[in-house]
Structure formats: structure tokens, C-alpha cells
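Here is the structure we will look at, set down as C-alpha cells.
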Amino acid sequence: METKQIERSVIYKTIVITILLLLSLYSTRYILIGICVGLLEIAILYILFLKKDLKNYIILYIVFLVTSFEVPLFVSGDSNTIIYSFIRLPVIKTYHLIVLLYMPTILLLIKGFNKLKTKDHKILKRFVLCILTVYFFSVISMFLSLILNDNGILNTSIFWEFLTGDIFRHSIALGIIVNLTLLLLIDSSFSKYLEKWLLSILVSLCLLAPISILLGFNGNYGNRDAILLPLGSFFGIMLLTFPFYQKYKRKKILILLGFIILLSMLYLPSPLGGKWWLLLFLVFLIIGMSFYRSSKYRKKFIINVLVTIILVPLLVIMVLMAPMKDNTFGEESLHQLKFEQAIQTISVWEEGWFLTLPQSPKFRIDEFINVWLEYKEKPQYFLFGKGLGGSTQHHTNFLNWANKDAFTEEQIQANIYFDLHETVNVFFLKFGLFGLIILFSTLYVCFRNIFNNPWLLIGAVWLLFYYGIYYSMLLGASSLILGLYQLNEKGNSQTIKE
């Protein structure tokens with residue numbers, strides 16, 4: 001009976017979220033819908049706050065973020081396109097996001113202060129403490145950069161814009177992390193409640209994928225058609241791994257949902273390109289390792305080999321070879337392009353690997369090299385980075401950084417680069433060596449315990465690729481906190497590796 005009630009609860013939540021996603025889809029065509037939905041969602045949050053229902057307040061804040069569109073370039077191909085949603089509204093822009101997120105934090109701190117002193121959930125607490133420490137030093141580094149006028153930032157008109165952007169993105173990521181941690185420590189039952197909501201979000205995104213295509217919605221990536229979904233849909237294919245975890249082994253329908261969004265994104269590609277292929281490789285790897293770990297399938301070696309080595313790659317190759325929606329006028333399809341980039345990126349053993357890399361992944365590596373060279377000239381920043389608003393100049397000659405697909409025109413003209421790609425580069429520039437240590441130690445814990453719960457896997461992927469980049473991908477931050485909490489949750493009988 002309890003299981004049926006849980007499933008019914010997930011169904012109800014999925015219906016509500018799917019309706020929100022449909023409204024978001026139409027908001028890309030009709031501005032008024034986006035404004036009305038965004039204002040209504042803000043009103044709902046204020047009502048919940050007045051009722052002191054902080055649990056649903058934070059949950060719905062995350063839902064409203066994840067169901068919103070935020071990158072006009074991925075919608076229309078034009079970064080100047082106006083799109084309104086919960087994330088961005090006329091006049092107030094995105095300022096309300098910080099106000100709404102931190103309104104309940106003080107109340108939660110008062111309620112949960114004593115819980116912070118206990119010794120339980122030490123892995124989660126250690127992570128949050130490390131993140132808070134990183135941001136503490138980043139503020140000091142930010143003032144140091146201002147005092148020294150690093151890279152002549154005070155002589156440019158763009159610094160304050162990028163500093164504000166950094167503060168907003170990182171403050172919202174931090175706010176999600178802190179608020180969810182406090183709620184989990186205050187109320188142990190919140191773990192299951194949060195889990196049902198996160199699962200409902202993933203299911204809804206999977207269901208919306210074919211609906212978006214059937215309704216004729218197309219996004220854009222590099223002047224080619226892409227699937228039009230909120231960016232959190234990136235994590236949808238990870239539902240394929242859920243039934244291989246003890247907790248979800250009876251939920252075989254999740255495999256079907258995972259295949260629905262997989263096939264949808266094979267028909268129309270994700271705007272997140274090569275990373276989606278890398279994620280798909282990881283999903284297949286996790287499934288293969290799960291078969292190997294299971295004594296049931298270890299005895300059936302032939303099934304193991306067929307599923308993990310032959311059938312899954314064959315499915316991908318067959319779909320790749322089929323005529324794709326974006327393979328028009330005889331040009332290489334976006335899928336083929338990004339698939340080749342993903343293969344070349346992970347083929348590190350090949351001779352001349354870096355020189356033969358496609359431009360997109362090569363840019364990421366070149367950024368890291370340039371931050372290293374920046375610190376070589378200015379060692380005072382190496383340990384704790386340049387803080388929020390930190391920048392680097394272009395020191396190498398591997399690539400031409402005057403590329404508007406990679407950087408804004410303002411950064412190119414000033415030869416000062418604030419917004420780098422990938423979490424590793426962001427952490428290295430903003431938080432220095434200390435930030436990288438925290439990043440890689442957290443990823444180490446996540447991947448050491450990757451078969452403990454699926455939320456840890458989703459959280460690790462978000463942390464590796466998208467920390468502090470997109471608001472609508474903070475589903476990954478929520479998953480990371482839930483996954484770390486469940487490592488030390490009562491009833492979790494699996495061995496924890498720190």
C-alpha cells in the first residue's frame with residue numbers, strides 16, 4: 001500500500017511539472033505566457049513563505065528554475081532574442097532569484113543550527129563547509145584583484161557586468177546547496193520527499209521530449225535544429241541507470257522513459273552537444289559495470305557481453321547511420337560532429353592527441369593552460385584564485401580566441417576573459433589550487449560511491465561539467481546534496497568509501 005501511495009504521489013507531481021514544462025515551451029513563442037507564469041510562480045513562493053512552509057518553498061523554487069528556459073541562443077539561434085520565465089522577467093530581470101532564495105535561509109539556520117554540531121552526515125557537512133570556505137577566500141581574492149587592478153579590470157566598462165554575473169550564478173548555486181542541506185539535517189523525512197520531486201522532474205523532462213517534437217518546437221545550436229527543452233533535460237538519459245540501483249530495481253519503467261528521451265535526442269540533438277555524448281558513454285559504462293557487479297548476471301556471461309558490448313553500441317551506431325533530422329543539404333549532421341568530438345576527446349592515448357582535437361574541446365584545454373600561465377606571471381593568486389569576477393588574458397597561440405562562438409565581443413576586444421568553459425577552468429580561475437583540490441576530492445568521493453545511489457551520479461556529472469554555469473541545471477546541485485546525504489542515511493547498508 002505504501003509503495004502504491006509513493007508511486008501515486010510521483011504521478012501527481014509529474015503531471016504538475018509536465019504542465020509547467022508545456023507552458024514554458026509556449027513561452028518561447030509568446031512572451032506574455034512567460035511573464036504571467038513567472039509572476040504566478042513568484043506569488044506562489046511568497047504565499048508559501050508567509051505560511052512558513054519552507055520545505056515546499058525550496059522544492060518549488062527548484063522546480064520553477066528547472067522548468068524555465070534561460071539561453072536565448074539555444075532557443076532561436078540569436079542571443080538577443082527575448083525570453084521571459086521565472087529566471088528572467090521584465091524590469092526585475094534576475095534580481096528576484098537571490099532575494100527569493102535567501103529569504104528562508106535565516107529561518108532555516110535558526111532551526112538547524114544545533115544539527116550542524118552533530119557528527120552524523122559528515123560527508124555532506126564536510127562538502128558544504130569546504131564550499132563555504134572556497135567562497136570565503138574567493139571574496140578576499142576578489143578585493144585583492146580590485147586593489148591591484150588585475151588585468152586593468154577597473155579601466156574597462158565590462159568588469160562590473162561580469163562580476164555581477166559571477167555573484168548571481170554562484171550565489172544561487174550556493175543558496176541551493178545550503179538550503180537543501182539545512183532542510184535535510186532538520187527533517188530526516190525530507191530526503192524521501194525531495195527524492196520524489198527530483199524523480200518527478202526527470203520523468204517529466206523525458207515525457208516532454210517527444211511532445212516537444214510532435215508539437216513542432218525546434219531549438220537551435222550552431223544554426224542547426226536542436227531539441228527544445230529546458231537544459232536540465234540533459235540528465236534525462238540517466239534514468240536508464242536507475243533500475244540498476246537496489247532502491248529502483250523494480251522500477252523497470254524508468255528504462256523505457258530513459259529510452260524515450262534518448263531516442264528523442266537522437267532525432268533532434270541536445271544543444272549541449274559533445275557533453276551529451278560523453279554522458280551517454282558514461283551511462284553505458286555504468287550499466288555495463290552494474291551487470292558485472294551483479295552475481296545474477298555474472299553467471300550469465302553471454303548476456304553480459306551481448307548487452308554491454310554489442311547491443312548498446314549497435315543501437316547507437318544504427319541511429320547515427322540513419323538519416324537524421326539535422327542532416328540536410330548533405331552536410332555533416334550535428335550528431336556526427338559532436339559524436340566525433342566526444343570520441344576524439346577521450347582518445348588521449350593517440351599520438352598528437354591535443355593537436356588533432358576539434359576546436360571545441362581544444363578551447364577548454366587551452367583555457368586551463370592560459371590560467372596556469374596567468375598564475376605563473378601572478379603567483380599571488382595561485383593558491384586561492386582571483387575570486388568572483390576573476391579574469392585571465394590570452395597568453396598562448398594555439399587558438400584564436402577572437403571567436404564569438406566562444407567569448408563575447410566585449411571580452412575579445414579587451415583581451416580580458418571572465419567566463420570560461422567547464423567547471424575545472426572556472427574553479428581554477430576563480431578559486432585557484434584550493435578550489436581544484438575541493439573539486440577533485442568531492443568528485444573522488446562521488447565516483448568511489450557511484451553505485452550507492454543514482455543521485456550521486458547525477459550530482460557528480462553536474463559538478464564536473466556545469467557548476468555555476470546554468471540556473472536551470474541546478475537539478476544537478478540538488479541531486480548532489482541528496483546523494484551525499486543518502487551516503488550516511490539510516491537504512492543505507494552499503495559500505496561508504498571516503
CA sep, side-chain torsions, deciding dist, call: F235, M473, side chain to side chain contact (heavy atoms under 4.5 Å, CB included): CA-CA 9 Å; F235 300 111; M473 295 196 76; 3.7 Å; yes

Determine, step by step, whether T442 and C130 satisfy the side chain to side chain contact (heavy atoms under 4.5 Å, CB included) criterion, reporting the C-alpha distance in whole Å, the side-chain angles of both residues, the deciding distance to 0.1 Å, and the verdict. CA-CA 10 Å; T442 304; C130 287; over 6 Å; no

Decide yes or no on side chain to side chain contact (heavy atoms under 4.5 Å, CB included) for L272 and F465, but give the supporting numbers first. CA-CA 11 Å; L272 297 176; F465 289 145; over 6 Å; no

Between D419 and D166, does a side chain to side chain contact (heavy atoms under 4.5 Å, CB included) hold up when you go through it step by step? CA-CA 9 Å; D419 284 350; D166 267 2; 4.2 Å; yes

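Within the model, atoms OG of S233 and CD1 of I227 stand 6.5 Å from one another, a figure rounded to the nearest 0.5 Å. Rounding to the nearest 0.5 angstrom, the gap separating the CD1 atom in I438 from the CZ atom in F440 is 12.0 Å. To the nearest 0.5 Å, atoms CD1 (I213) and CG (L268) are separated by 5.0 Å. Expressed to the nearest 0.5 Å, how far OG1 of T181 lies from NE2 of H121 amounts to 10.5 Å. The distance from atom CD1 of I11 to atom NZ of K196, rounded to the nearest 0.5 Å, is 12.5 Å. I201 CD1 to T67 OG1: the interatomic distance, rounded to the nearest 0.5 Å, is 8.0 Å.
Judged by distance alone, with hydrogens and angles left aside, the side-chain atoms of T28 form no donor-acceptor pair with the main-chain N or O of S24 at under 3.5 Å. No donor-acceptor distance shorter than 3.5 angstrom exists from the side chain of Y485 to the backbone of L185, with no hydrogens or angles considered. Distance alone, capped at 3.5 Å, places no donor-acceptor pair between the S212 side chain and the A209 backbone. At distances below 3.5 Å, at least one donor-acceptor pair connects side-chain atoms of Y102 with backbone N or O atoms of S171. Looking at S141, its side chain never comes within 3.5 Å of a backbone N or O of S138 through a donor-acceptor pair. Judged by distance alone, with hydrogens and angles left aside, the side-chain atoms of N179 form no donor-acceptor pair with the main-chain N or O of P104 at under 3.5 Å.
Here the side chains of L239 and I261 are not in contact, with every heavy-atom distance at 4.5 Å or above. L202 has its side chain within reach of L475: a pair of non-hydrogen atoms, C-beta onward, lies under 4.5 Å apart. Contact of the I437 side chain with the L433 side chain is registered, since non-hydrogen atoms from C-beta on lie closer than 4.5 Å. In this structure the side chain of L484 reaches within 4.5 angstrom of the side chain of L456, judged on heavy atoms. You'll find the side chain of L22 reaches within 4.5 Å of the side chain of L215, heavy atoms only. Considering only heavy atoms from C-beta on, V461 stays 4.5 Å or farther from K275 through its side chain. With contacts defined as side-chain heavy-atom distances shorter than 4.5 Å, the pair L207/L257 qualifies. No side-chain heavy atom of S68 sits under 4.5 Å from any side-chain heavy atom of Y471.
A distance of 6.0 Å or more separates the ring centres of F451 and F244.
Atom CZ of F447 has more than 12 neighbouring heavy atoms from other residues, nucleotides or ligands inside a 6.0 Å radius. Around atom CD1 of I140, more than 12 heavy atoms belonging to other residues, nucleotides or ligands sit under 6.0 Å away. In this structure, I106 places its CD1 atom where only 12 or fewer heavy-atom neighbours from other residues, nucleotides or ligands lie under 6.0 Å away.
Only one option out of K430, R364, E367 pairs with N425 in a side-chain hydrogen bond (donor to acceptor under 3.5 Å, both in side chains); it is E367. Paired with I42 under the rule side-chain contact (heavy atoms from CB on, under 4.5 Å), one option of I47, V37, I92 passes, and it is I92. Between F234 and the choices W277, W462, Y466, Y470, the ring pair (Phe, Tyr, Trp, His ring centres under 6.0 Å) rule is met once, by Y466.
A tilted orientation is assigned to the rings of Y467 and H170, their planes being inclined by 30° to 60°. Between F242 and Y245, the two ring planes are perpendicular [angle over 60°; tilted spans 30° to 60°]. Aromatic ring orientation, F168 versus Y95: perpendicular (interplanar angle above 60°, classes split at 30° and 60°). Between F418 and F162, the ring-plane angle classifies as parallel under the 30° and 60° cut-offs.
Closest of all the heavy-atom pairs between L54 and L183 is O-CD1, 4.2 Å. Listed here is the closest heavy atom pair of I260 and C206: CG2-O, 3.5 Å. Residues L480 and C446 share a closest heavy-atom pair of CD1-SG, 3.7 Å. Summarising the geometry of S478 relative to I176, their closest heavy-atom pair is OG-CG2, 3.9 Å, with the distance given to 0.1 Å. When all heavy atoms are compared, the tightest approach of S200 to K13 is OG-CB, 3.3 Å. In plain terms, the two heavy atoms of G390 and L429 that are nearest each other are O-CD2, 3.6 Å.
If you check the side chains of S76 and N220, you find no donor sitting under 3.5 Å from an acceptor.
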Pairs under 3.5 angstrom only: tabulate donor-acceptor contacts from the side chains of residues 82-90 to other protein residues two or more places apart or in another chain.
{"residue": "S85", "atom": "OG", "partner": "F69", "partner atom": "O", "Å": "3.3"}
{"residue": "S85", "atom": "OG", "partner": "I87", "partner atom": "N", "Å": "3.2"}

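Not counting sequence neighbours, the partners of E70 by the side-chain hydrogen bond (donor to acceptor under 3.5 Å, both in side chains) test are S472.
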